[in-house]
Amino acid sequence: MIRLEHVAKRYKMGEVVVTALDDVSLEVDKGEFLVVLGPSGSGKTTLLNIIGALDEPTSGEVHINGGTVSLNSTGDRFRFRRETVSFIFQTFNLFPSLTALENVQFVLDMANTSDSTERARDVLASVGLGERVNHFPHELSGGEQQRVAIARALATGNPILLADEPTGELDFKTGIQILDLLAHQAGDGKTVLVVTHNREISRIADRVVELSSGHIISDGPPRTGKAAIADLQW
Amino acid sequence: MTNMTLWLRWSWRDLRARWLQVVAISIIIALGSAMFAGLGGVEDWRIRANDLNYARLNMYDLRMALSDGSYLDRDELASALADIPGVARSEARLVTPTLVDASDGGEALVVRGEIVGVDVSDGGPHVSSLYVREGAGRTLAEGDSGQPVAMVEYHFADYYDLAPGDPIRISGDVALDYVGTGFSPEYFMIIPETGMFFGESSFAVIFVPLETAQQLAGREGLVNDVAFILDEDADSASVQAAIEARMEGAFPSTGYAINAREDTQVYTTLYKDAESDQWMFNALATLFLFGAAMGAFNLAGRMVEAQRREIGIGMALGVPRRWLAFRPLLVGLQIAVLGTALGLLAGLGVGKLFQGVLEDMMPLPYWEFSFQFGGFLRAAVFGILLPVVATLIPVWRAVRVAPVDAITTGYLVAKGGGLARFVQRLPLPGKSFVHMPVKNVLRSPWRSGLTVLAIAIAVLIMTTVVGALDTFLATMQQAEDATLNRAADRFLVNLDFFYAANYSGVTGIESLAGADGEPLFTGFETAMIVGGWLIHGDEKIEIALELHDMDAALWTPTATEGALTADEPGLVISDKAARDLGVGVGDRITLEHPHREGLLSFRLVQTEVPVIGIHDNPLRAYTYMDMNGAALMGLEGQTNYLILNPAPGVEPDEVRLALLTQPGVTSSQAVTEFSDAVDELLEMMTEILAVAQGMVVVMAFLIAFNTTSISVDERVREIATMFAFGLRIRTVMRMQMLENLVIGVLGTIVGVALGWIVLNDLFVTVGENEIPDIGFVVTMSAETILLAALLGVVLVGLTPLVSIRRMRNMDIPSTLRVME
């Protein structure tokens with residue numbers, strides 16, 4: 001359902017041309033839990049941004065569900081992000097002046113969902129925050145904030161979840177809880193892409209794509225086989 | 001840390017990163033500084049010019065004017081007033097009202113005026129001298145004595161573009177030889193009796209040799225006015241007492257009034273105006289600088305917030321707080337210096353421009369414009385100080401934060417919801433897109449409050465300035481309505497003396513016919529008008545008292561309280577006079593009025609009379625009495641004032657020209673000329689106010705722009721997140737506009753409220769002191785409030801549109817990374 005064909009991304013920084021991605025081709029199936037692994041500067045976030053139509057490739061094409069995202073107009077890319085993909089960020093990026101409930105309700109209102117308040121409440125309950133709906137982000141712990149962010153990403157039912165270092169700001173135990181939520185989404189039929197530098201996290205994926213200097217250096221199941229979330233240690 | 005080059009380079013980058021906001025704040029600082037610098041010395045210029053001109057033109061120190069209708073032999077008067085201790089010089093004059101016809105073939109130009117007969121012997125007059133500019137003809141010479149030679153006062157001549165040689169005729173259709181256009185210190189402004197400003201279009205002063213004036217008035221050898229210059233060290237009160245003693249001894253039955261130059265309306269207006277105008281300029285400039293200070297405060301707050309981690313890192317490295325504060329303070333100082341430097345430069349231009357305005361609006365023989373170092377210094381100090389102090393506050397707060405809090409990133413930063421929690425309880429309609437802008441306003445109540453205040457200041461300035469025009473217009477409209485409520489076409493004709501109502505010269509006017517032989521008038525009334533004073537307690541008000549047969553008059557005032565007649569002679573006074581005197585209908589007050597003592601002598605006497613009515617004209621001087629009050633003045637059956645109704649189809653010019661030929665007519669004026677004068681004045685005021693309005697609009701836009709761009713800066717990650725979730729740019733723009741609208745509405749409400757308070761204070765306090773003769777109807781029209789709403793709500797609400805390009809071009813991925 002996600003297909004990248006010879007995608008490259010280059011930036012000009014003064015006189016220097018930086019190649020973030022170089023001739024990357026990739027296919028991701030529906031319902032797959034994919035981890036994109038790589039050190040800092042490997043291009044993994046750039047890859048995620050291109051898939052999510054936050055950025056455009058310098059060359060190559062991105063096809064999602066049969067449509068060519070990379071050739072779309074600005075308006076079409078905005079619609080794509082409303083209806084097809086949902087982001088989860090390392091630093092959560094919640095709206096500070098909205099409560100947890102309202103942060104989730106926001107995306108539902110954007111989608112013109114009629115019972116947005118109830119739906120938001122349900123989604124927050126599904127991520128274990130049923131009692132914290134009226135709290136502002138600064139009143140929530142890091143893990144709770146990330147749960148709100150996940151709830152926001154899940155609320156509209158978009159088929160693709162893109163998570164950039166979702167456990168980067170969290171402690172181990174909280175991180176495990178977040179990964180568990182994400183893994184469940186894949187089990188429910190959503191396509192989940194997680195970007196991380198943490199090799200341990202890649203053990204729970206269906207598939208691991210490893211990047212280095214903008215190239216895919218490996219693509220396949222976890223080296224040591226797919227592990228249970230409970231087995232993770234970092 | 002002492003590497004100044006590094007700090008300067010670093011702060012230069014800070015400036016460049018926010019260059020639009022820096023420019024916006026600098027412009028506001030420049031506006032304020034330019035006003036302080038360029039206009040800071042206006043009072044000094046005007047007072048110096050006043051002093052200089054009064055000195056060079058030998059303005060009198062004391063003036064004695066005989067009561068209306070009184071005349072004395074010149075030689076006898078001179079003998080009686082000779083050698084008074086303290087008097088350096090005195091000169092007798094003859095001042096008589098007249099009609100002036102300056103028509104020149106085209107449209108008729110006939111206005112009221114006065115003939116001032118001056119002593120031209122030995123190069124005179126030496127008291128209240130005359131001055132003629134180069135190219136404007138010549139002044140009067142000794143050889144002109146007894147000849148029909150005239151010098152026309154500058155204001156009237158300038159208004160109608162008259163020049164020496166143009167035809168001038170006066171009452172009785174007497175032609176004068178117009179030899180020069182000149183100034184007299186007694187007429188540096190032309191203010192008619194009603195207290196209206198800029199009466200130069202409807203009042204002409206003609207200077208002629210004394211002997212000529214005596215011949216023209218049929219008062220050979222007589223005078224009615226003496227002007228005195230005192231010795232440097234003379235005590236004015238003592239000299240006045242000495243004059244009074246001499247007059248009491250020599251002419252006990254002749255009334256007179258002695259005024260010092262400081263008592264004249266022209267003098268007080270020239271000096272007080274300078275003071276109050278300066279106050280206004282300084283207030284405007286201060287408000288501009290205050291607006292800039294708030295802009296600087298906002299920007300500094302944003303900058304230190306953006307540099308919070310850097311400040312924290314510095315703290316972790318052991319950098320002293322004062323050096324951490326140095327970088328944002330340096331930016332604040334640079335903005336202040338930039339704005340002030342621009343302002344000082346602009347101030348030079350503003351000052352130069354205003355010098356031209358002053359010379360045009362207040363034409364005087366001599367102007368000296370010295371460089372106003374004080375004004376520029378004040379501009380420099382305030383222009384730099386206010387924004388720097390404003391920057392200090394957020395910087396001081398930022399460096400007081402605990403290092404661990406300063407260095408913390410992302411979600412761990414405690415950003416409170418401010419007052420946003422309270423909005424949760426409000427049942428706001430619509431989606432979360434509507435709630436978020438409101439919550440954003442409430443999230444930072446302090447900063448939102450300051451922005452509201454900044455907008456309010458811009459609205460306050462505008463509503464005060466435009467509201468002043470509204471007030472003036474409403475007041476003049478009320479005055480116009482009061483005078484035009486009936487017989488709106490009537491003519492008011494002044495005679496040079498008191499005549500019996502059945503005198504042929506008077507009845508002859510009634511029967512005047514036009515070129516077609518038909519009567520010019522269908523209505524004719526003999527009335528009376530005298531000058532006088534109302535006195536109650538310590539208050540004394542100068543008035544123009546009109547006496548009419550209230551039962552038969554062509555026009556009567558409208559009594560809003562009381563009545564127009566009573567069993568005994570009583571006064572119908574203006575509401576302003578009633579308030580100033582602290583009296584109402586039924587109260588008794590003292591009327592100081594002329595009383596006929598002899599054919600050519602009147603004496604001022606005081607009579608206690610009741611107030612029987614209050615009329616609706618806001619001009620305080622207008623006072624009315626039934627004709628039965630003429631007995632108080634010894635003028636029963638007399639008239640000096642005619643009210644005429646032109647016949648249908650008779651044009652005003654025809655009336656004026658016909659009256660010009662009638663001996664004894666000193667002025668004729670259509671009652672509608674009042675409205676014409678007001679319209680002219682309003683046009684001039686509107687042009688001046690348009691400049692102030694323009695500046696205010698610019699200031700409001702800059703404040704709103706500054707606020708919006710800071711808001712976008714602060715919320716750039718939120719905005720990027722919204723874009724990441726596919727929220728359309730136009731939806732985000734609408735949210736920004738809604739947030740600005742909330743701020744704009746609050747700012748407008750506060751600004752209009754404050755503007756109303758300031759307007760009332762201005763007209764009640766300043767108006768009472770500066771223009772006591774007018775009872776202003778303080779008004780802020782619906783159009784003004786609408787204009788305030790356009791400025792404070794619509795303009796502010798639309799300002800986010802300037803950020804649309806920035807949003808369109810936003811690099812979303814970069815923005816979503818941790819931005820510190």
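Each chain gets a letter, A, B and so on, in the order its sequence line appears, and its residues count up from 1. The model shown is predicted, which means the values in this text are computed figures rather than measured ones.
Ranked by heavy-atom pairs under 4.5 Å with chain B, the list Leu54(A), Asp55(A), Asn49(A) is led by Leu54(A). Counting heavy-atom pairs under 4.5 Å between each of Leu48(A), Leu98(A), Thr156(A), Val85(A) and chain B puts Leu98(A) at the top.
Here Ile150(A) contributes atom CD1 and Leu181(A) contributes atom CG; the two are 5.0 Å apart, rounded to the nearest 0.5 Å. Interatomic distance, NE2 of His135(A) versus CD of Gln145(A), reported as 12.5 Å (0.5 Å rounding).
Contacts between Asn93(A) and chain B at a heavy-atom distance below 4.5 Å involve backbone atoms as well as side-chain atoms. When heavy atoms are compared at a cutoff of 4.5 Å, Asn112(A) approaches chain B by way of both its backbone and its side chain. When heavy atoms are compared at a cutoff of 4.5 Å, Phe89(A) approaches chain B solely by way of its side chain, counted from C-beta outward. Residue Glu139(A) touches chain B through its side chain alone, counting heavy-atom pairs closer than 4.5 Å.
A distance-only check finds no donor-acceptor pair linking the side chain of Asp22(A) to the backbone of His215(A) [under 3.5 Å]. A donor-acceptor contact shorter than 3.5 Å is absent between the side chain of Ser448(B) and the backbone of Pro445(B).
The cationic group of Arg77(A) does not satisfy the cation-pi geometry with Phe80(A), failing either the under 6.0 Å distance to the six-membered ring centre or the 45° limit from the ring axis.
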